[in-house]
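Counting from 1, the numbers follow the sequence of the chain as shown.
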Amino acid sequence: MKTLKQVKVGETCRVVKLHGEGAVKRRIMDMGITKGVEVHIRKVAPLGDPIEVTVRGYELSIRKTDADMIEVE
């Protein structure tokens, strides 16, 4: 299993599954990260948190803990 947290800067991946429960999973889905969507990793902050990604044509910052709940291929 590979998570969004493990994807390198400049790579594009596809979301396979969202882990997590309740409000956390709902917040991730509300940001536009759903099963089947492509996510491009733009950059990572100097200390590694947050991760800046492009999803559905807009830029988004995600915490490492949230990125670890997103399974990708």
Side-chain angles (χ1 to χ4, degrees):
M1 180 181 95
K2 186 176 182 182
T3 64
L4 189 63
K5 180 180 169 184
Q6 299 166 319
V7 180
K8 304 283 186 234
V9 175
E11 291 183 2
T12 301
C13 56
R14 183 176 304 274
V15 176
V16 176
K17 185 176 181 183
L18 295 175
H19 298 277
E21 310 227 342
V24 176
K25 185 174 181 179
R26 180 83 243 160
R27 185 168 42 85
I28 291 170
M29 291 175 72
D30 287 345
M31 289 189 281
I33 300 173
T34 55
K35 184 178 176 181
V37 73
E38 286 194 351
V39 180
H40 176 75
I41 308 299
R42 291 183 36 109
K43 57 186 166 183
V44 178
L47 298 175
D49 203 13
I51 301 168
E52 188 174 306
V53 299
T54 302
V55 181
R56 301 179 189 261
Y58 66 93
E59 285 139 25
L60 179 67
S61 291
I62 304 174
R63 289 184 228 136
K64 278 198 298 189
T65 54
D66 292 344
D68 210 26
M69 292 186 228
I70 302 168
E71 186 178 334
V72 297
E73 61 179 9

Inset, instruction - Apply side chain to side chain contact (heavy atoms under 4.5 Å, CB included) to Val15 and Thr34, showing your working. - result: CA-CA 7 Å; Val15 176; Thr34 55; over 6 Å; no
Legend entry - Electrostatic pair Glu52-Arg42, nearest N-O below 4.0 angstrom: yes
Legend entry - Side-chain heavy atoms of Ile33 within contact of Leu60, under 4.5 Å: yes
Inset, instruction - Step through the shown structure and confirm whether more than 12 heavy atoms of other residues, nucleotides or ligands are within 6.0 Å of CZ on Arg63. - result: no
Legend entry - Co-membership, hydrophobic cluster, residues Ile70 and Val9, 4.5 Å side-chain: yes
Inset, instruction - Measure the spacing between CD of Glu59 and NE2 of His40 and express it to the nearest 0.5 Å. - result: 9.5 Å
Legend entry - Atom pair CZ/CE of Arg27 and Met69 - distance to nearest 0.5 Å: 7.5 Å
Legend entry - Lys2/Val7 under side chain to side chain contact (heavy atoms under 4.5 Å, CB included): CA gap, chis, key distance, verdict: CA-CA 8 Å; Lys2 186 176 182 182; Val7 180; 4.0 Å; yes
Inset, instruction - Can you measure from NE2 (His19) to NZ (Lys25) and round to the nearest 0.5 angstrom? - result: 9.0 Å
Inset, instruction - Please lay out, stage by stage, how Ile41 and Leu4 fare under the test side chain to side chain contact (heavy atoms under 4.5 Å, CB included). - result: CA-CA 9 Å; Ile41 308 299; Leu4 189 63; 3.6 Å; yes
Inset, instruction - Evaluate the criterion side chain to side chain contact (heavy atoms under 4.5 Å, CB included) for residue pair Val39 and Val72; output intermediate values, then yes/no. - result: CA-CA 9 Å; Val39 180; Val72 297; 5.9 Å; no
Inset, instruction - Could you state whether Ile51 and Val24 fall into the same hydrophobic cluster, counting links through intermediate Ile, Leu, Val, Met, Phe, Trp or Tyr residues with side-chain heavy atoms under 4.5 angstrom apart? - result: yes
Inset, instruction - Evaluate the side-chain proximity of Thr3 to Glu71: yes if any heavy-atom separation is below 4.5 Å, no if none is. - result: no
Inset, instruction - Consider only side-chain heavy atoms of I, L, V, M, F, W and Y, link residues closer than 4.5 Å, and tell whether Val16 and Val37 are in one cluster. - result: no
Legend entry - Salt-bridge present (Lys64, Asp68; N to O < 4.0 Å): no
